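Here's the structure we're looking at; comments come further down.
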Amino acid sequence: MSSLMWFRKGLRLHDNPALLAAIEGAKHVYPVFILDPYFLRPDPTAPSPGSTRVGINRIQFLLQSLQDLDQGLQARGSRLLLVHGDPVEIIPSMITQWRVNRLCFERDTEPYAKERDARVKELAAELGIKELVTPSTHTLFDPDETIARNKGHVPTSYGQFCKAIGTPAEPLEAPTSIPGPDPEKKGIPTISVPTLTELGYGESDQEFLQQIVKGGETEALARLEVMMAKTDWVAKFEKPKTDPSAFAEPATTVLSPYLKFGCLSPRLFYSKLMAIYQKKTGHSKPPQSLEGQLLWREFFYTVGHATPRFDCMVGNSLCKQVPWTDDDALLAAWRDAKTGYPWIDAIMTQLRQQGWMHHLARHAVACFLTRGDLFVYWEKGRDVFDRLLIDGDWSINNGNWLWLSASAFFSQYFRIYSPITFGQKYDKSGKYIRRFLPVLKDFPAQYIYEPWKAPLDVQKAAKCVIGVDYPGPIVDHAEASKQCKERMAAAYALAKQSTDLPSQEAVEELRRTVNPGGVKRKEQYGAAGSMAPAGKKSKGDIRKYLKK
DNA sequence: TGATAGTTGTGTAC
DNA sequence: GTACACAACTATCA
């Protein structure tokens, strides 16, 4: 028996049933990872260092994870076979050249992976693969099983989801030894894990490479150990009470990048939590507890798996159809940390430099881009996060953007985060802003969240004149958020007219009536997108959609 | 049909 | 720190 163990996510040796299946009774095991050069090659036209699709921080994290996986395999008598190319071509040629008769890989429920894996399975069957092992171990539960337990319906709320799930299986140990590849079988050139320099990244990219965690299973297990040692903190953990402005010592576990790449098994994390909860009476509970966080992940994986066009507004049965603004200038200002709201721009800078920010900080900027202020398509913001986050995860990212834009799961669109006071609540003196926007570091605390309100002599004393050294606010928050609420009310009213999704013609009509000309920018951002004031003319038309 | 809960809103009053 | 108004959504349950 010869097995091909195809690593994609699941970059770990512990709790890896696909790997254990590959080893079972095998003479040779071929552990493979396939790098797609397109995902890694520097894109000089991209808005920040990285490839077209992935920011430099996540590339670095992946390379470190592969390096660590290779070392783990070597310590067990094997090694990682790293190749460049397209899996749909490479896996079949490996099966042929290496005379493999068992193919093992962890199941992946993202749409592009489903399509790729279906194709590979088809070709493998044609080549006479005897055994195919594809366990659902990226998540605690098999999403199809959860749906079956929920009487065949996709759970569309967290509560419903929690009622449907069972108890996760216990994690498995890592293998102690792994049969190596057959040294006689060659023919497919392998490479060693490239460095960022070898991929073409240079010195100038360093500002955008401020790693807060290093990739790999070894680091994942060490970090899990450190976090779980804080048993009181674990037992009392309530996510909404953690501090989004903490940066020297993040207020949450920062285990998400390890879960994203599968360097850490969710079942191991879960079992460690349960061991602590058993010893602590009155521990916190889902949805706010750490267990609750893992279950949110499961929830979004399950809905994302079973909802066609989950990552789109149009054609997504869960998604409110909203007349968002298609304005690339607003999007670019947000993405490039130039909105003139220091709290928002500091968060976006942390994203660009570190590829990570606190969950509530993500809420603040996502709300600002969509239903709170700029009224830009949530899919555009989703793409920015998807590229830059080290923990960028298709199911969770889309789920949260649907949530934050009040397009699905969450509907209280009138609860809008203030780009001024929300941050202030946690960080009066503006330490977070000073750290990520050094241009503002000498502003007095009184003005640091609203620097445009500082008298000119104060601005000069702080060596930062608003409109010259740092932009003024892109929109007036009070005015913009009021208009956003009106537009959301109209979109919700339209949705109430029928149980079917409204037609795109109806959404277009809404755009003409409640969102004419897009979002009104403040003067220094230019007139593009200037709109008729939310004036009398459009009010009558809104009413049409507000009728119950 | 009506009451209530829902991970994580803000501003003001006490 | 907690309470409530603000304006008002949807799913769930009695």
Side-chain angles (χ1 to χ4, degrees), chain A residues 150-151 153-164 236-246 250-253 256 273 283-300 303 317-322 341 343-344 347 357-368 370-373 396 399-428 449-450 476-499 501 542-543 545-548:
Chain A
N150 196 44
K151 296 173 186 162
H153 303 292
V154 193
T156 51
S157 74
Y158 184 77
Q160 204 186 356
F161 170 82
C162 289
K163 279 185 209 163
K236 287 181 186 147
F237 186 94
E238 287 178 84
K239 184 69 156 276
K241 290 190 180 160
T242 57
D243 178 0
S245 71
T252 52
T253 64
S256 55
L273 285 177
H283 61 80
S284 56
K285 299 218 159 54
Q288 307 198 336
S289 63
L290 277 175
E291 179 196 6
Q293 304 313 305
L294 273 178
L295 296 182
W296 278 106
R297 176 177 183 270
E298 295 291 313
F299 170 61
F300 287 132
V303 194
S317 62
L318 292 175
C319 186
K320 278 275 166 359
Q321 305 298 299
V322 177
Y341 282 95
W343 168 245
I344 299 298
I347 296 167
M357 55 306 200
H358 185 277
H359 189 64
L360 290 179
R362 301 180 194 200
H363 277 215
V365 295
C367 181
F368 186 86
T370 58
R371 67 181 169 84
D373 290 87
I396 303 172
N400 276 307
W401 276 94
L402 283 162
W403 184 292
L404 257 298
S405 63
S407 297
F409 312 118
F410 174 83
S411 47
Q412 283 160 291
Y413 58 80
F414 36 85
R415 292 188 181 172
I416 291 172
Y417 292 89
S418 161
I420 299 151
T421 60
F422 182 69
Q424 246 166 354
K425 199 164 62 180
Y426 299 93
D427 181 13
K428 267 258 166 310
Y449 285 85
E450 300 168 280
D476 177 87
H477 173 63
E479 195 186 333
S481 59
K482 187 165 171 284
Q483 290 180 354
C484 284
K485 278 187 270 194
E486 287 172 3
R487 294 171 188 148
M488 291 301 285
Y492 271 61
L494 179 62
K496 270 196 175 169
Q497 290 182 349
S498 162
T499 49
L501 279 185
I542 297 173
R543 249 179 243 128
Y545 293 103
L546 293 177
K547 276 183 199 140
K548 304 264 160 160

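All heavy atoms count here, side chains included; hydrogens, waters and symmetry mates do not. Per chain, numbering begins at 1; letters A, B, ... match sequence-line order. This is a predicted model, so every value here is computed, not measured.
- Spacing between B/dT4 and C/dA5 at atom P, rounded to whole Å, works out to 15 Å.
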Dump the pairs, protein N or O against N or O of nucleotides 10-14 of chain B, anything under 3.5 Å, distances to one decimal.
from, atom 1, to, atom 2, distance (Å)
B/dT10, OP1, A/S418, N, 2.7
B/dT10, OP2, A/K425, NZ, 3.3
B/dG11, OP2, A/T421, OG1, 3.1

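- Partners of A/E291 under the salt bridge (Lys or Arg N to Asp or Glu O under 4.0 Å) rule, at least two apart in sequence or in another chain, do not exist in this structure.
- In A/K241, the NZ atom is not crowded: 12 or fewer heavy atoms of neighbouring residues, nucleotides or ligands sit closer than 6.0 Å.
- Residues A/Y413 and A/R371 share a closest heavy-atom pair of O-NH1, 3.2 Å.
- In DNA chain C, runs of at least 3 consecutive Watson-Crick or G-U pairs, each pair with both distances below 3.5 Å, span B:1-6 with C:9-14, B:9-14 with C:1-6.
- When heavy atoms are screened at a 4.0 angstrom cut-off, A/E238 is found touching no nucleic acid atom at all.
- Annotation: C/dA7 and C/dA11 have their P atoms spaced 24 Å apart (nearest Å).
- Stacking here means ring centres nearer than 5.5 Å and ring planes tilted less than 30 degrees, and by that measure A/W296 stacks onto B/dT7.
- Remark: the separation of the P atoms in B/dA5 and C/dA3 is 14 Å, to the nearest Å.
- Taking the C1' atoms as reference points, B/dG6 lies 14 Å from C/dA8, given to the whole Å.
- Taking the six-membered ring where tryptophan is involved, the planes of A/W296 and A/Y158 are essentially parallel, since the angle between them stays under 30° and well short of 60°.
- For the pair A/K320 and C/dT10, the criterion of a side-chain N or O lying under 4.0 Å from OP1 or OP2 is met.
- Note on ring orientation: taking the six-membered ring where Trp is involved, the planes of A/W403 and A/F409 are parallel (angle under 30°, cut-offs 30° and 60°).
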